[in-house]
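Take a look at the structure set out below.
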Number of protein chains: 2
Amino acid sequence: MTDTKEKLLDAAERLIGEQGFAATSLRQIISEAGANLASVHYHFGSKDELLEAVVMRRAGPVNDRRLALLDRYEAEVDGAVPVARILEAFLLPMAQAAGSNPQFVRVMGRIVAEGMIRAVIEKNFHTVLSRFATALRKTLPTISDEEFRWRMLFMQGAIAHTMCGTPGNDFEHRILLLVRFLSGGFAAPPAEVK
Amino acid sequence: MTDTKEKLLDAAERLIGEQGFAATSLRQIISEAGANLASVHYHFGSKDELLEAVVMRRAGPVNDRRLALLDRYEAEVDGAVPVARILEAFLLPMAQAAGSNPQFVRVMGRIVAEGMIRAVIEKNFHTVLSRFATALRKTLPTISDEEFRWRMLFMQGAIAHTMCGTPGNDFEHRILLLVRFLSGGFAAPPAEVK
DNA sequence: GTCTATACTGAGATAGAC
DNA sequence: GTCTATCTCAGTATAGAC
């Protein structure tokens, strides 16, 4: 990777994490990176694709660790893995990545919260997301497909808001609290349909 | 209210609900309203203040109904109101407002999700939000202040995502599911701190 | 008081010279 | 690969018509 390209990624990650995607201009990013405006479009194509590159640079290792954790938890039990364990396997690697790079977690939260490049995210995270959805579904066989889908959405919203909606860098702590809360939510009896 | 002003509010509400705030340009709004660009700044001052006006036009009746419902539920019981009832009192009036105006609910979801004009929202909703926070706290006296604050945030994220992150207009149905999920979350035992 | 026309600044994107 | 110049479109501001 060229020096300019990496500097652009670093600057974009920091600024987007702090201010959000929409509020961060390319001119701000190139100024911090010491690069030229056109270099963004040369290396990435567009502002959206720069964001995608920021995500992809860190997402690979995090997703690998997620799948490894889920594998381990599945091996530890007979049958279905408890909800809390599945959520932990999904969320902890992100929090741990935040240790070495706190801004990246915020960028991920911003992306979900701002509804950015949904297609890109689904493309790049499809494998890991479907693995976790399947595991959760196996643990929760009694609720309807429709309610399961809604609960997944509720969870997404809570996660996004937790990652970017608040100051502070102690992500592991807040994720412990979040896992408890979401576990309670998934354990709730199905809502009766009137 | 002048004809132009109301047409601007209608157009803004519809377009922002459909596309989000950042993705909707003033030129789009005035084109749909059949108005002039400068009329926005004459009537509202800025794009942000136009959004605030869109919110305030509908928020009053919804908040009144929220407080009335909470009053009723509090009168029905001795002591603390169940979590599900409190959440219902908060969420159902919004869903019912969606019956006559489906876009408004999406606008509200967008605002939280896009992190727009947080100060404005807090100013205008301070009364109703603090009333509901107090009621919830009374129902949940055993968890710590810190965990309570986090759970409120988890809830905010789930609500925002539910309101704007999905197609379809059957808000009452999804809110029944959401209330169950959140009730389960609030009922979860506190996470032990390591 | 209300609205129109127009100009200003800054955004992302692009073509072409080097 | 990099940089300059330029394009279009965004939000904003103001002068002046009615």
Side-chain angles (χ1 to χ4, degrees), chain A residues 1-57 107 110-111 113-121, chain B residues 1-57 103 106-107 110-111 113-121:
Chain A
M1 178 133 52
T2 72
D3 199 46
T4 301
K5 195 170 173 181
E6 203 165 354
K7 276 184 183 160
L8 285 170
L9 287 171
D10 289 341
E13 183 175 68
R14 195 176 76 72
L15 290 167
I16 294 171
E18 281 172 8
Q19 309 171 342
F21 179 74
T24 301
S25 72
L26 289 181
R27 283 162 174 88
Q28 237 183 319
I29 293 170
I30 58 153
S31 161
E32 169 137 342
N36 183 274
L37 179 59
S39 66
V40 174
H41 296 91
Y42 173 75
H43 285 290
F44 304 102
S46 71
K47 192 188 176 188
D48 279 19
E49 287 167 297
L50 167 60
L51 175 59
E52 185 179 355
V54 166
V55 172
M56 292 319 297
R57 182 169 62 150
V107 172
R110 297 281 191 185
I111 283 168
E114 294 185 36
M116 290 307 307
I117 52 170
R118 181 161 302 192
V120 169
I121 293 303
Chain B
M1 179 138 48
T2 73
D3 199 47
T4 302
K5 193 170 174 181
E6 205 164 355
K7 277 183 182 160
L8 285 171
L9 288 171
D10 289 340
E13 183 176 69
R14 196 176 75 72
L15 290 167
I16 294 172
E18 282 171 8
Q19 310 171 342
F21 180 75
T24 302
S25 73
L26 289 180
R27 284 162 175 89
Q28 238 184 319
I29 292 170
I30 59 152
S31 161
E32 169 138 340
N36 182 275
L37 179 60
S39 66
V40 173
H41 295 91
Y42 173 73
H43 286 290
F44 304 102
S46 70
K47 191 188 178 188
D48 279 19
E49 287 167 297
L50 168 59
L51 175 59
E52 183 178 358
V54 166
V55 171
M56 291 318 295
R57 182 169 62 151
Q103 291 310 333
R106 297 187 187 281
V107 173
R110 298 279 191 187
I111 285 169
E114 294 184 36
M116 289 306 308
I117 54 168
R118 181 162 300 192
V120 169
I121 293 302

* **Salt-bridge criterion met for K7(A) and E32(A) (N-O under 4.0 Å)** => no
* Grab the NE2-P distance between H43(A) and dA13(C) for me, whole Å please. => 16 Å
* Asked: From the 5' end of DNA chain D to its 3' end, which nucleotides mark the outer limits of contact with chain B, defined by a 4.0 Å heavy-atom distance cut-off (strictly under)?
  -> dA10(D) to dT14(D)
* Looking only at non-hydrogen atoms, find the nearest pair between T24(B) and K47(B) and report the distance. => O-NZ, 2.8 Å
* **Spacing of Y42(A) atom OH relative to dA15(C) atom C1', expressed in whole Å** => 15 Å
* **Within residues 26-38 of chain B: residues closer than 4.0 Å to DNA chain D (heavy atoms)** => L26(B), R27(B), L37(B), A38(B)
* Asked: Between H43(A) and T2(A), is any pair of side-chain heavy atoms under 4.5 Å apart?
  -> yes
* Separation of R110(A) CZ from L51(A) CG (nearest 0.5 Å) -> 12.0 Å
* Asked: Hey, does S25(A) reach any base, or is it just sugar-phosphate, or nothing, if we go heavy atoms under 4.0 Å?
  -> sugar-phosphate
* Any side-chain heavy-atom pair of Q19(B) and Q28(B) under 4.5 Å -> yes
* Asked: L26(B) versus L50(B): any side-chain heavy-atom pair under 4.5 Å?
  -> yes
* Please test L8(A) against F44(A) for side chain to side chain contact (heavy atoms under 4.5 Å, CB included), starting from the C-alpha separation and ending with a verdict. => CA-CA 10 Å; L8(A) 285 170; F44(A) 304 102; 3.9 Å; yes
* Structure fact -> Atom NE2 of H41(A) and atom P of dA11(C) are separated, to the nearest Å, by 13 Å
* Roughly how far apart are R57(B) CZ and K5(B) NZ, rounded to 0.5 Å? -> 10.5 Å
